[in-house]
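Just so it is clear, the values below take in all heavy atoms, side chains as well, and ignore hydrogens, waters and symmetry mates.
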Amino acid sequence: MEWRYENGELAVRPDGPFSAAETLFCGQCFRWRQTADGFEGIAHGRALTLRERQDGTVLLTGLEESDVPLFLHYFAFDEDYAALQRRLQRSKRLAECIRCAPGIRVLHQDFFEVLLTFIISQNNNIPRITGIVARLCEGFGAPLAGGGRAFPLPCDLADRTVEELAFLRAGWRADYLLDAARKVASGEVGREKLARLATPEARALLMTIRGVGPKVADCVLLYGLERAEVCPMDVWMKRAMARRFPRGMPLCARDCAGVAQQYIFHAERTSFRPQGGPG
DNA sequence: GACCAGGCGTCTT
DNA sequence: AAGACGCATGGT
């Protein structure tokens, strides 16, 4: 992977395939939107834009030079997906996933943001999740220089009440969001503490938060803590896909295939072998 | 209008 | 331990 930072613009040539649309709109993150010539979004407290050049170069604006390593990691540009996909092609199922959505990468997102957005995601759909997340940030996030607002910090939410969260129209999840914010703000649950725990204990600690069950906990471990080795997410997706497609998954159901792919990527990359998984 | 959405907490057996 | 059910809201 090569990159160059010049005149406030970061130009990256990723190793292996990358598709911004597949990566940003497959349901792993909720703060990006398409624009006339590319994409704009907010991540790790920065408002940035992304454009893809014909030659595969990815152009990012809105970053300081000191942000470069963080965002190379955010987009997984510091990982060799070409080599990864070569290994995965040996599995028929994974080969099909790659064919359906070859440019997906698993983003490395902020822990607290992942925790709250996947609490919001329960029994919910992506358009509505996106709306709730947008209102959450608009209502409680810090204004950013480049426009928009950061994702709220735990302390931005910990002292609120469910009544103050009513405008989110998040339903019963408002109560869960507050419990999560309070437990993180108090230090009862946090990235560092979770990182020190073995994964079963980390999952159990996450599940002390109201509204965090095994599915949300695994999403947080996977997306927010880079702890995919115990996340049999393809098992979760098998359930979801079985519900949506009782007669079998269509070959090009991009949303499902893409999401399954990113889960499986992590499972494979970390040598995890599903052994029944949850349930 | 129904039905459902990338669950979870609670209440039953 | 496992199943049923309600939960608030909005998209289809």
Between atom [atom1] in [X] and atom [atom2] in [N], what is the gap in whole Å?
X: I209(A); N: dG9(B); atom1: CD1; atom2: C1'; result: 15 Å
X: I119(A); N: dG6(B); atom1: CD1; atom2: C1'; result: 15 Å
X: I129(A); N: dC4(B); atom1: CD1; atom2: P; result: 18 Å
X: N125(A); N: dG7(B); atom1: CG; atom2: P; result: 10 Å
X: R173(A); N: dG6(B); atom1: CZ; atom2: C1'; result: 12 Å
X: I132(A); N: dG11(C); atom1: CD1; atom2: P; result: 10 Å
X: L178(A); N: dG9(B); atom1: CG; atom2: P; result: 15 Å
X: D179(A); N: dG7(B); atom1: CG; atom2: P; result: 20 Å

Using side-chain heavy atoms (C-beta onward) and a distance below 4.5 Å, is Q28(A) in contact with T23(A)? yes

Considering residues at least two apart in sequence or located in another chain, which fulfil the ring pair (Phe, Tyr, Trp, His ring centres under 6.0 Å) criterion with Y5(A)?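 In terms of ring pair (Phe, Tyr, Trp, His ring centres under 6.0 Å), with neighbours along the sequence ignored, Y5(A) is linked to no residue.
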
Can a donor-acceptor pair be found, under 3.5 Å and without considering hydrogens, that links the side chain of R210(A) to the backbone of D179(A)? no

Closer than 3.5 angstrom, by distance alone: can the side chain of D110(A) be matched with the main-chain N or O of H44(A) as a donor-acceptor pair? no

For atom [atom1], what is the distance between [N] and [M], given to the nearest Å?
N: dC7(C); M: dC4(B); atom1: C1'; answer: 14 Å
N: dG11(C); M: dC8(B); atom1: P; answer: 23 Å
N: dG3(C); M: dG6(B); atom1: P; answer: 22 Å
N: dC11(B); M: dA8(C); atom1: P; answer: 16 Å

Quick one: are the ring centres of F140(A) and F167(A) less than 6.0 Å apart?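 Ring-ring flag for F140(A)/F167(A): true, centres closer than 6.0 Å.
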
Taking N or O atoms only and anything under 3.5 Å, show me the protein contacts with nucleotides 3-6 of chain C, one pair per line.
none

For nucleotides 10-13 of chain B, tabulate all protein N/O to nucleotide N/O atom pairs closer than 3.5 Å, reporting atom names and distance.
residue: dT10(B); atom: OP1; partner: R210(A); partner atom: NH1; Å: 3.3

Please tell me which of P127(A) and N123(A) maps to the more 5' nucleotide of DNA chain C, matching each residue to the nucleotide holding its nearest heavy atom. N123(A)

For the side chain of Q122(A), starting at C-beta, report the closest nucleotide among dC8(B), dG6(B), dT9(C).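 Nearest listed nucleotide: dC8(B).
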
From the list dG6(B), dG10(C), dC7(C), which nucleotide is the closest neighbour of the side chain of F118(A)? dG6(B)

Before you tell me yes or no, could you show the steps for V58(A) and F77(A) under side chain to side chain contact (heavy atoms under 4.5 Å, CB included), namely the whole-Å CA-CA distance, both residues' side-chain angles and the distance that decides it to 0.1 Å? CA-CA 10 Å; V58(A) 177; F77(A) 289 149; 4.1 Å; yes

Using only modelled atom types and a 3.5 angstrom limit, is any donor from either the side chain of R128(A) or the base of dT9(C) paired with an acceptor on the other?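 A donor-acceptor contact between them is present.
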
Neighbour count above 12 (heavy atom, 6.0 Å) for E9(A) CD: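 It does: E9(A) CD has more than 12 such atoms within range.
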
Looking at every heavy atom in both K193(A) and E188(A), which two are closest together, and how far apart are they? NZ-O, 3.4 Å

Minimum heavy-atom separation for Y81(A) to V106(A), with atom names? OH-N, 3.1 Å

Step by step, work out the side-chain hydrogen bond (donor to acceptor under 3.5 Å, both in side chains) result for T161(A) and E163(A). CA-CA 5 Å; T161(A) 64; E163(A) 290 77 20; 3.2 Å; yes

